[in-house]
Every structure is written in C-alpha cells, then in structure tokens.
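Everything below concerns the one structure shown next.
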Amino acid sequence: MRFPEGFTWGTATAAFQIEGAVGEDGRGPSIWDVFTHEPGRIVDGTTADVACDHYHRVPEDVGLLADLRAQSYRFSVAWPRIVPTGSGATNPAGVAFYDRLVDALLERGIAPLVTLYHWDLPQPLQAAGGWTNRDTASHFAEYATIVGAALGDRVRTFSTFNEPWCAAYLGYSAGVHAPGITGNAAALRAVHHLNLAHGLGATALRSALPPSGQVSITLNLAHVVPDTESPEDVRAARHVDDLSNRIFLDPILRGEYPQELLDDLRHITDWSFVDDGDLATIHQPLDVLGVNYYTPTRIAAATPERLAAISRRWTNDPSSTVGPSAYPGTDLALAMPQDGPYTAMGWRIEPATLTELLVRVHRDHPGVPLMITENGAAFADEVSPDGVVHDADRIAYLHGHIGAVHAAIEQGVDVRGYFAWSLMDNFEWAWGLSRRFGLVHVDYDTLVRTPKDSYGWYRGVIADNGLA
Ligand code: IFM
C-alpha cells in the first residue's frame, strides 16, 4: 500500500500538552493554567506545569523525531509565551524559544508545521470574555502577524487553529475544557468569533509571510451516523453534522453558514453577533485543510423521554458508553453509546469511517487539498520488564487508519500527508496525565522517554512510504 510520491509523514504535539515551564522566560498564564489548578477539573488531579518538560528538552525531542525519520513536525506556539497578556507587548524570550525549535528541526531536515492556537488563550483575554468577545479575534490577528513575521522565513505552513470545535463547545457549552463555561448560546458566539479570528489571522499571515507561505486550519471533523433510520434521528444527525462540520467548513470554504443550522438554533441565539462583512472576512483561500480524526459519532434525536433519562452533563468519560449524553452546543440531539472495540478514551475504533469522511469532504469541497493533521489512540501502555512498551493495539489502530487514508486517495481524494498523534505521551486536557497517546512513552516521574513498539513500526511506514 504505497502512498503518492511527496506524501508527508509526521507527528504532532501541542504546546500546553508538552512544554511545561509555565512560569519561565516571561510566559503569561493561559486559560488552561487557571483551569487545571481549579479543584475537580482534571480527572487525575494533575496539572501541565511540567508535562513532558519539552521546553528544556528540545534537542532530545528533535532527536526522537530525527530517529523516526519524520519528514515534518506539527507543533503549536503558545500565545501566552509570545504575547503574555494576549495583546500588546511581544516577549522576545518566547519568540526565541520557537526560533531555536524551528532551527533545530531544520538542521535535521524536518519541516515545521506551526499551529497558532491549540487552546491556550492568554488569561487576560478570558477576563474580558475570551472567545465570546469579538475583540479576541482582532488580538489573535495581531499575534498571527508577530509569529508569521518571526518564523515565516523558515516555516512554510501555518495553521491558524486546531479544532475550534473543542475550544467552543467543550470550553463554553459542555464546560469540560477551559474556561469551563456551560451555555449553548455562549458556545455559538465563540464559534463565530473563532471563525472570524481564522479569517483575520489568515489575512494577517498572508501579509507577513513570503509568497511561498501556506495557510491552513485544522478541524476535527465528525463522521456522524444516525442511531436509527427514523426521520427524527436522521434529522438530528444532520443537525449535528451542521453543528460539528458545516458551521466551520461552510463559512471558511464557502463564505456562508448553513441556513438550516441558523434556523434550527434560533431558540438559543439570534446570531446577532454575525456582523455584515464577517463571512467575507472568514472566507479566505486555504492552501490545505487539516483534518483530525479519531472516532465516529452516533446521534439520536433528543426526545423528551430521552432527555429526561439523562442525569449527567456531556462528558468524554468512557462511562458515557453506557447511556446517551447531551450533545454540546444543542438541545436537539444526543450522543449515543457505540459498540466497541474502544480505545482507552472509550472511543469506538472504526477506520473505514475515516475513508467515508474524507470522500465526503472532497465531494463537498473539491479542489481543497487535505492533510491528516492528527490521528492516533490512547491505550493503557505499560513498560514491560524488558524495558519496552509493546503497544500492538496502537499499531493496529494506526495501521487501520493509515489504510483508510490510502483507500480515500484511491477514490480520488487529494490527501497530502499524515501526522500521528502524538510524538510522545502528554497532558491529555481534562484527563490530565492519565491517557497516553504517544509513540514514545514518557515516565512523568523521571521524564525519561522510551520509544514504544509503535514508534519503530511507524518508522517503517515512513521508510516504505506506506504499509507493507
Ligand atoms: O490530545 C488531543 C489534541 O490536543 C487535540 N486532538 C485530540 C487529541 C486527543 O484527544
């Protein structure tokens, strides 16, 4: 199963999940620093104050990428390191850290792919309303200009956002991510301001980058299936598809919101935060669309009986497989339990759904090149007495999903690359340090890195440009 020549193989991480050093060299606090220190927010009570201590271990971690023969490395820049208060003065020490990282990658022949926002909003901006405040979008564009100007001479591809779905819905509706707000209206407002920030940020990047610079965004697109073929469930699935996928894809790639979504949710919001001209601002040319994919989504209509049966809020807890849960951002749909096999996140493993998703995105938006910017799985890894992590389940997961990408390419979808999530175990947001997604095991007591079996296996995939 060979991939097209020039196909890019890489791994991905995010600043807050690996860097640690949260108080060093002038970095300001982010919403995740605050959230992780609030009692009860993080499942295992851990924080990311140290995480993988990547901030102090760049040479070692770039060495791991080089030994993997990774062709590209997708990482995010921490806004609070660059502009500690969110707007205003630039912190030269923060810029210098990413300068060093980019140079270290380039020295080893690894192309950096830089994400500007992977959820770590500077806390002072949250104090002013965070993503519910339109001004945050303008501040993001200022930050994009700074990073584009600083790194654009060496970094070809920039992505404005990682998974705005999570930032908006998990942060402002479900409340299980920072800033921990619960309210569907706030989440929809946040979605629009994230979209607006993407448009303003993409425009700022275009001005700051040389003509060869590429602009992207990464979305965690959902493959939504109705729980039954009843008209109610089919309609609810369509609604969640609008709320998860088209609320981002349509304004970014077509310059409009789906009318049916605007109509469906008028009882929650009047959409008055969408100003004249916003959609034109959001609709900027994209060089590549990043797609993150892990698991399918099963949706049922939120009938009064089913709603009454729900006693807990939406959560990504594996125990959610025992019953339906409210779907973040709407009161019209429920996320339904799915059969296994599951990863340690309780997420159903069904690689063929990735092929279906990619074919659908390509059909709806022909001409937009796609890149798998994240795919991977958490399992309960253990270091064996022989000092190795035998993670056959992760290899099987990656094998299945890489095969699914290949199947999409065979059906004519223009997929340019694949980034495994993640290079190393890291701070898994509300799950803290309790879920391991890495190709490399991290001992959080000693910070020793141990490549897992999947690391060696993935090195073979990269060397062969495909699956044996
Ligand atoms: O760890 C996260 C990452 O930050 C964003 N995408 C999903 C991953 C696994 O949950």
Side-chain angles (χ1 to χ4, degrees), residues 10-20 30-32 35-36 42-44 46-48 51-52 54 73-79 113-121 159-171 174 176-178 194 216-223 244-245 248 289-297 314-318 320 328 335 342-349 354 357 371-381 391 393-394 397-398 401 418-440 442 444 454:
T11 68
T13 62
F16 188 75
Q17 294 181 271
I18 65 167
E19 284 180 3
S30 77
I31 54 174
W32 272 96
F35 191 73
T36 50
I42 307 302
V43 168
D44 64 357
T46 56
T47 71
C52 306
H54 168 73
Y73 174 53
R74 173 178 179 258
F75 65 91
S76 76
V77 169
W79 186 347
L113 194 167
V114 170
T115 302
L116 295 179
Y117 187 80
H118 199 125
W119 310 350
D120 41 2
L121 187 75
S159 175
T160 52
F161 284 88
N162 177 74
E163 302 182 354
W165 184 92
C166 296
Y169 296 114
L170 299 185
V176 294
H177 276 194
L194 285 155
S216 175
I217 184 170
T218 279
L219 303 175
N220 54 322
L221 297 176
H223 177 80
S244 307
N245 299 327
F248 301 107
L289 172 67
V291 176
N292 290 357
Y293 190 75
Y294 292 88
T295 187
T297 304
W314 194 89
T315 167
N316 53 5
D317 189 304
S320 69
Y342 306 114
T343 70
M345 299 295 285
W347 295 347
R348 172 173 165 76
I349 303 170
L354 174 55
L357 175 71
M371 182 94 102
I372 308 303
T373 38
E374 280 183 31
N375 174 244
F379 289 105
D381 302 322
D391 56 342
D393 35 17
R394 179 170 295 101
Y397 180 98
L398 295 173
H401 286 80
Y418 176 93
F419 290 73
W421 183 269
S422 177
L423 170 63
M424 58 186 140
D425 295 338
N426 57 51
F427 187 83
E428 178 54 26
W429 307 110
W431 291 94
L433 298 172
S434 70
R435 292 295 181 277
R436 295 179 177 275
F437 275 89
L439 301 177
V440 175
V442 177
Y444 293 115
S454 56

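Order of listing sets the numbers, starting from 1, for every ligand and every atom in it. As the structure is a computational prediction, the values presented were derived from the model and not from experiment.
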To the closest 0.5 Å, what do you measure between OG1 (T115) and CZ (R74)?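 That separation rounds to 4.0 Å.
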Any chance you could lay out the salt bridge (Lys or Arg N to Asp or Glu O under 4.0 Å) test for D391 and R436, step after step, and finish with the verdict? CA-CA 11 Å; D391 56 342; R436 295 179 177 275; over 6 Å; no
Exercise answer, ligand 1 polar atom pairs (N/O) under 3.5 angstrom:
unit_1: ligand 1; atom_1: 1 (O); unit_2: Q17; atom_2: NE2; d: 3.0
unit_1: ligand 1; atom_1: 1 (O); unit_2: W421; atom_2: NE1; d: 3.3
unit_1: ligand 1; atom_1: 1 (O); unit_2: E428; atom_2: OE1; d: 2.6
unit_1: ligand 1; atom_1: 4 (O); unit_2: Q17; atom_2: OE1; d: 2.7
unit_1: ligand 1; atom_1: 4 (O); unit_2: H118; atom_2: NE2; d: 2.8
unit_1: ligand 1; atom_1: 4 (O); unit_2: W429; atom_2: NE1; d: 2.8
unit_1: ligand 1; atom_1: 6 (N); unit_2: E163; atom_2: OE1; d: 3.2
unit_1: ligand 1; atom_1: 6 (N); unit_2: E163; atom_2: OE2; d: 2.7
unit_1: ligand 1; atom_1: 6 (N); unit_2: E374; atom_2: OE1; d: 2.5
unit_1: ligand 1; atom_1: 10 (O); unit_2: E428; atom_2: OE2; d: 2.6

Non-hydrogen side-chain atoms of W421 and N426 separated by less than 4.5 Å: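 A side-chain contact under 4.5 Å exists here.
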Apply side chain to side chain donor-acceptor pair (under 3.5 Å) to Y117 and list each qualifying residue two or more places apart in sequence or on a separate chain.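 Checked Y117 against side chain to side chain donor-acceptor pair (under 3.5 Å); matches are W131.
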Using modelled atom types and a 3.5 Å cut-off, is there a donor and acceptor pairing between side-chain atoms of D425 and backbone atoms of G438?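 Looks like yes, one N/O pair under 3.5 Å.
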Grab the two heavy atoms, one from Y418 and one from N375, that are nearest each other, plus how far apart they are.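 Scanning both residues completely, I find the closest heavy atoms to be OH-OD1, 2.7 Å.
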